[in-house]
Protein chains: 2
Amino acid sequence: MNAPRRGRPAGPTGPVIGRALQLLDAFDAEHRELTLSELARRADLPLSTAHRLMHELCLWGAVERGGDGLYRIGLRLWELGSLAPRGPGLRETALPFLEDLSLITRENVQLAVREGAEVVFVERIAGSGAVPVLTRVGGRFALTATGVGLVLLAHAPVEVQEEVLGSPIERYTAETVTDPARLRRMLADVRANGFSISDRQVTMDALSVGAPIRDRSGAVIAAVSLVVRHGSTTAHALARLVRTSAQAISRALSA
Amino acid sequence: MNAPRRGRPAGPTGPVIGRALQLLDAFDAEHRELTLSELARRADLPLSTAHRLMHELCLWGAVERGGDGLYRIGLRLWELGSLAPRGPGLRETALPFLEDLSLITRENVQLAVREGAEVVFVERIAGSGAVPVLTRVGGRFALTATGVGLVLLAHAPVEVQEEVLGSPIERYTAETVTDPARLRRMLADVRANGFSISDRQVTMDALSVGAPIRDRSGAVIAAVSLVVRHGSTTAHALARLVRTSAQAISRALSA
DNA sequence: TAAGAGCTTCCATTTTCCGGAAACCCCGCT
DNA sequence: AGCGGGGTTTCCGGAAAATGGAAGCTCTTA
């Protein structure tokens, strides 16, 4: 349910920029409007510092201030964000294929990329009568459990794989695989098959199948998945379908 | 005579945040991927400064760097941008109504907000056989010409109206109204009627009708419009349709 | 091999940021 | 009116952090 880790990854970011970004980080889906005091509290900054920095951000349009004094994320930031090639860019070319998948299967379709040791969901189409899925566009999740996660982890740089497999692996259900050696074998399977199957790893009633999307050079840059009810006898058929769709998206991206 | 200048040179050098934002501003729809040198050139900053700042932004995830050394807008920024209430937030609740409008009329449907003295298009649904429209989601336009623009200007704070009417008004076609007095009368009509009609103001083959979207307090926060071929005899009928739709969206927002 | 274009690191200098404190503002309460 | 509390804004001396020229690196091209 909860994305594992939110917030800024630790790292030496200069004071000014760091603080400004801490403030922006105080906004999330449940807090789209914040007072100055709330912002200062959530970012753990002195009030006067928060005030000064928010004022600067306001001048540029990164944030806006309503007549009620509440701060909100500004349009300028939205415009900038829309330029992210791995976000809206990818989403745009993949969308028609995702819709096809959705129409054919009536299941949940998801598109995701990897950032660091996390999955970020870029698009999600809810299936009509399908299992409810907890993910949200823009949401994050661990790499180890979901269909998309396994695909992205299987094709991640070795350092990332080692980092993930070296640290304790979060358990979501009784079936969640937390043994590094077994995960390693699963990742090898994913690379060999060209798809992943994640059975009851996140919730006991769901199963997801994922497949890699590649750029022109063959590097894996994203993953698609279908999430279906656990016990579906068609998992392998769906996996092949997803794989085919992922290949079509890869071709569309290279064109 | 002069000792070699070390340290920060005197003069109108902006604050740190300003520089970082200048760098982000170097990205646009035509430049989603930039090298460090291009970035420094476009932001008019020394190479080493650009390098240091981009590095900091990278650590946080505001920008990303591909294996090819090119900088791109990062996912983190996209996530943040998606939290803008006036952008994606508004878009989300208005979308079903916009789709209804699109289905009923088969024309171009647009949703926009005002930022400063400009219109920002938040969503746009292209009509099937309709006039081609020049606008782009995230794009900007003058307040004086379009259907949405007239609505937003008519309900803008007096300072904004005076600023716009006081400066020379851009002309797009032979029909564009550039006389402040006449524009004032048009704005009064918009307020009285609850809709705007912009006939051949932007291109000679198009006409657009717009209506205001209000928040709970009755303040105008956005506008919807239909763009149809000039000469349509149904302009007033469409205007009433748009007005009704805008009212429905207003109610949905207040709920 | 050399030249060129771009990227990264270094560091002496001083500009800009920091944040406690105090004033300010707007309510609701007595 | 007078009072108290929560949030917001402004101020300013001290100190930390930002700055950018230059030198060193890494590629690619001639």
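- Contact annotation for A/L45: no contact, since no heavy-atom pair falls under 4.0 Å across all strands.
- A straight line from CZ of B/R52 to P of C/dC11 spans 15 Å, rounded to a whole angstrom.
- When distances are taken from the side chain of A/L36 to each of C/dG6, D/dT9, D/dG20, the shortest belongs to D/dT9.
- Put simply, CG on B/D68 is 16 Å from P on C/dG6, counting in whole angstrom units.
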Full working for side chain to side chain donor-acceptor pair (under 3.5 Å) between B/Q110 and B/T135 | CA-CA 9 Å; B/Q110 309 198 99; B/T135 54; 2.6 Å; yes
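- Which of C/dT8, D/dA18, D/dT8 sits closest to the side chain of A/V16 comes down to D/dA18.
- Put simply, CG on B/L23 is 14 Å from C1' on D/dA18, counting in whole angstrom units.
- Between B/R19 and C/dT15 there is no side-chain polar atom (N or O) within less than 4.0 angstrom of OP1 or OP2.
- Between D/dT9 and A/H51, a contact under 4.0 Å exists linking OP1 or OP2 to a side-chain N or O.
- Between the CG atom of B/L47 and the P atom of C/dT8 there is a distance of 9 Å, given to the nearest Å.
- Residue contacts for B/R41: at a heavy-atom cut-off of 4.0 Å it reaches no nucleic acid atom on any strand shown.
- The two residues B/A145 and B/S198 make their nearest non-hydrogen contact at O-OG, 2.6 Å.
- Side-chain N or O atoms of A/E118 include none that pairs as donor or acceptor with a backbone N or O of A/E115 at under 3.5 Å.
- For the pair A/L39 CG and D/dG7 C1', the computed distance is 13 Å after rounding to whole Å.
- Look at CD on A/E56: it is 13 Å from C1' on D/dA18, rounded to the nearest Å.
- The nearest whole Å value for the distance from the CE atom in A/M54 to the P atom in D/dT10 is 15 Å.
- As judged by a 4.0 angstrom heavy-atom cut-off over every strand, B/S48 is placed among the base-contacting residues.
- One can place CG of A/L53 at 15 Å from P of D/dT8, the figure rounded to the nearest angstrom.
- Put simply, the side chain of A/I221 reaches to within 4.5 Å of the side chain of A/L253, judged on heavy atoms.
- The pair A/E79-B/R140 meets the salt-bridge criterion, with a side-chain N (NZ, NE, NH1 or NH2) lying under 4.0 Å from an Asp/Glu carboxylate O.
- Each of C/dC18, D/dT8, C/dC17 was ranked by its minimum atom distance to the side chain of A/T49; first place goes to C/dC18.
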